[in-house]
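All residue numbers refer to positions in the sequence shown, counting from 1. Heavy atoms only: backbone and side chains are in, while hydrogens, waters and symmetry mates are out.
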Amino acid sequence: MRAQTVLRTRPNYLVIGLLGLMGLLLCLFSGLMAAVMPPGTVVRLLFVPFAVMGLILLWMMPKRATAPDNFQNLLLAGLIVLINIWPTYIVYRFGGLPSVSPTKLMWLLLLGVAGINLFSSTVPIARLSRRCKAHPWLIFCVVFLLAWRVISSATGTQPVPQVLSLASEMITCYAIFFVALATLRDEKDVFRLLALLLATAILQGGLASYESLVKHTLFDKFISVGSEDSATMIDMLREKFRDGRYRAQGTFEHPMVLAEFMAMTIPLAAVLFFSRKTGLWRWACAGFIPLAFGVIVFSRSRVGIAVLLAALLMVGGLLLLPRGKNGGRNGSSLTLVMAMFMLPVLLVAAYFALHEVSSLVAGRSAGEASSTMSRVLMLTRGVPLLEASPFFGYGNGMGAVKLGFFDGVRFNIDNYLLGVALDSGVPGLLAFIFIFAAGAWLGLRLYMQRADQAGLAAGFIAVSLVILLGCKTVLSISSGFTLAYVLIAAVIVLCETPPPADVVKSAVGSPAAALP
């Protein structure tokens, strides 16, 4: 028996030799490619096979019983912070090689460390396997959407470039989801991540507020202009005006993305506020919520204001729901308290947002009316296109081309859901919606079942996921999905967190009683 155990953990030198031979052939092939292709194209094409070979090599090596979980959690949190702080338009260029930025370097570092740990250690792979088995339908939809996006692109008019263009989505959505599942260990890691998100949002709110005072885009002098960048794109990044009025965008590439991030962060700040009775974080949460309101107004995003009001209603509704086994015991008094709390908030918000909400369809000006009409025309033209190819769609990126709306820089669809439907058909759209619906449902179910901090965080994360979907009905920029997939993974982690002993014994039902 001991000899058999040694054989199972001994490296397969034949496979290692074959991988080495493949590496030499790839190096020779890369030299031939470099003679006829730009350096950046060679690097992009060879990155995947070399990465796959490295992972196979790690898989064949003996497994370690430990993993640097603290370091990997730090990398995951650092990546989330950089994505929402570092401007995407500030990059460093080195000849014909791909552009480099701190965010890209953090992506490479996290994926490299996570890949090494998953394939060389038993701890993270066991953690990932356990959580995937606990939620098979959600995991199946993530894998199905990934596979279907590849299949629908492979059946498109330009299969090779369309499949290759999915590389960014594979990394920023699906890969990060499984990395987060394997990285986050427990409830404490989730709350640390939420605290870092709150700090990031406070910093972003301060930058956007200063930007609104000086009336120009931050860091515009550091925009790196390359031969592949459009002059129109640079102008759009430098100045964000609407009928002469400045729109705050912070370090994001568009004001609507700033509004989306601030709206998603408000429920997460509420989690930290309710889970702490005293301390600096509670005061920071209390101060951040009005700051976020102001930043969203400064961004002049109509959908941001709309989802903000919806978030207030959803948060108020969550706090009215009974929780735990005896949730209905204090239901009447809690309802009265929450009604007294929510009524002035809703009245004030409705007063300041009256003109914004009334112009959601018509628009505040001729320019916004034209923008709204363009979105209506997109839906009018998109539905017949979807009916013409409902199963596979048109492949990644081709839906916008088929739709034919050109904004001066690229073909564009101001509706991410419509874009997914045209690119991957009805099956892709249904899988996409089910992933976020399942994540929100898991959060709401845990919120109602458990009157502790884990249930509280899961319920408010569900509100953030709904906010993201609401923003994507009028926004096609994919930013926000990395955070959303990490939040879905966080809900799964919270679902396996054991309830505290005092909560199990007392089974307290009211939300306020569950707070420490």
Side-chain angles (χ1 to χ4, degrees), residues 82-91 101 103 168-169 172-173 200-201 203-205 207-212 214-220 222-225 229-265 292 294-308 356 360 363-365 367-368 370-372 374-375 378 397 400 405-420 467-484:
L82 274 177
I83 287 175
N84 295 289
I85 285 295
W86 186 266
T88 57
Y89 47 81
I90 298 181
V91 296
S101 68
T103 306
S168 176
E169 182 179 339
T172 58
C173 294
T200 303
L203 177 59
Q204 188 69 254
L207 292 174
S209 300
Y210 173 76
E211 178 191 13
S212 299
V214 298
K215 301 295 183 182
H216 67 79
T217 306
L218 296 175
F219 312 116
D220 55 347
F222 299 96
I223 296 177
S224 177
V225 183
D229 294 320
S230 169
T232 307
M233 174 70 77
I234 300 302
D235 292 339
M236 292 171 62
L237 291 173
R238 290 182 182 275
E239 301 292 344
K240 291 291 181 183
F241 284 95
R242 178 173 287 189
D243 293 338
R245 299 189 63 182
Y246 184 79
R247 300 180 63 188
Q249 68 183 69
T251 61
F252 292 107
E253 65 268 35
H254 195 278
M256 292 176 65
V257 180
L258 171 65
E260 174 189 88
F261 173 70
M262 300 303 286
M264 286 182 65
T265 315
V295 168
I296 293 175
V297 173
F298 293 155
S299 72
R300 296 187 58 78
S301 171
R302 292 173 288 165
V303 68
I305 296 173
V307 298
L308 179 60
E356 306 291 341
L360 284 175
R364 289 181 294 257
S365 62
E368 292 185 0
S370 176
S371 175
T372 303
S374 296
R375 290 184 170 93
M378 288 178 183
F405 275 82
F406 188 72
D407 60 6
V409 179
R410 63 193 183 280
F411 287 100
N412 185 36
I413 302 178
D414 287 330
N415 186 327
Y416 194 87
L417 301 179
L418 178 61
V420 170
I467 288 175
L468 176 70
L469 285 184
C471 292
K472 293 308 179 184
T473 57
V474 293
L475 181 64
S476 61
I477 301 176
S478 60
S479 58
F481 282 117
T482 299
L483 174 59

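- Thr172 is linked by a side-chain contact (heavy atoms from CB on, under 4.5 Å) to Trp107, Ser168, Thr482, counting only residues two or more places apart in sequence or in another chain.
- Using a 4.5 Å heavy-atom threshold, the side chains of Asn415 and Met378 count as separate.
- If you take CG on Leu468 and CE on Met264, they are separated by 5.0 Å, rounding to the nearest 0.5 Å.
- Separation of atoms CD (Glu260) and OG (Ser479) is listed at 5.5 Å; rounding is to 0.5 Å.
- At a threshold of 4.5 Å between non-hydrogen side-chain atoms, the residues Ser101 and Trp86 count as touching.
- Of all heavy-atom pairs between Ile296 and Ala263, the closest is CD1-N, 3.9 Å.
- To the nearest 0.5 Å, the span separating OG1 on Thr103 from CD1 on Ile85 amounts to 10.0 Å.
- With hydrogens and angles ignored, the 3.5 Å screen pairs a side-chain donor or acceptor of Ser476 with a backbone N or O of Ile413.
- At least one side-chain heavy atom of Ile477 sits under 4.5 Å from a side-chain heavy atom of Glu253.
- Applying the side-chain contact (heavy atoms from CB on, under 4.5 Å) rule to Ser478 yields the partners Tyr416, Phe481; only residues at least two apart in sequence or on another chain are considered.
- Remark: Phe252 CZ to Asn84 CG distance equals 4.5 Å, nearest 0.5 Å.
- In this structure, CD on Gln204 lies 9.5 Å from CD on Gln249, to the nearest 0.5 angstrom.
- Counting heavy atoms from C-beta outward, Phe261 and Thr200 have side chains that approach closer than 4.5 Å.
- Annotation: the span from Glu211 atom CD to Leu258 atom CG amounts to 8.0 Å, rounded to 0.5 Å.
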Margin query: Set out, in order, the CA-CA distance, both residues' side-chain angles and the distance that settles side-chain contact (heavy atoms from CB on, under 4.5 Å) for Leu475 and Val257, then state yes or no.
Written below: CA-CA 8 Å; Leu475 181 64; Val257 180; 4.2 Å; yes
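- Nearest heavy-atom pair, Ala208 versus Ala248, reported as atom, atom and distance to 0.1 Å: O-CB, 4.1 Å.
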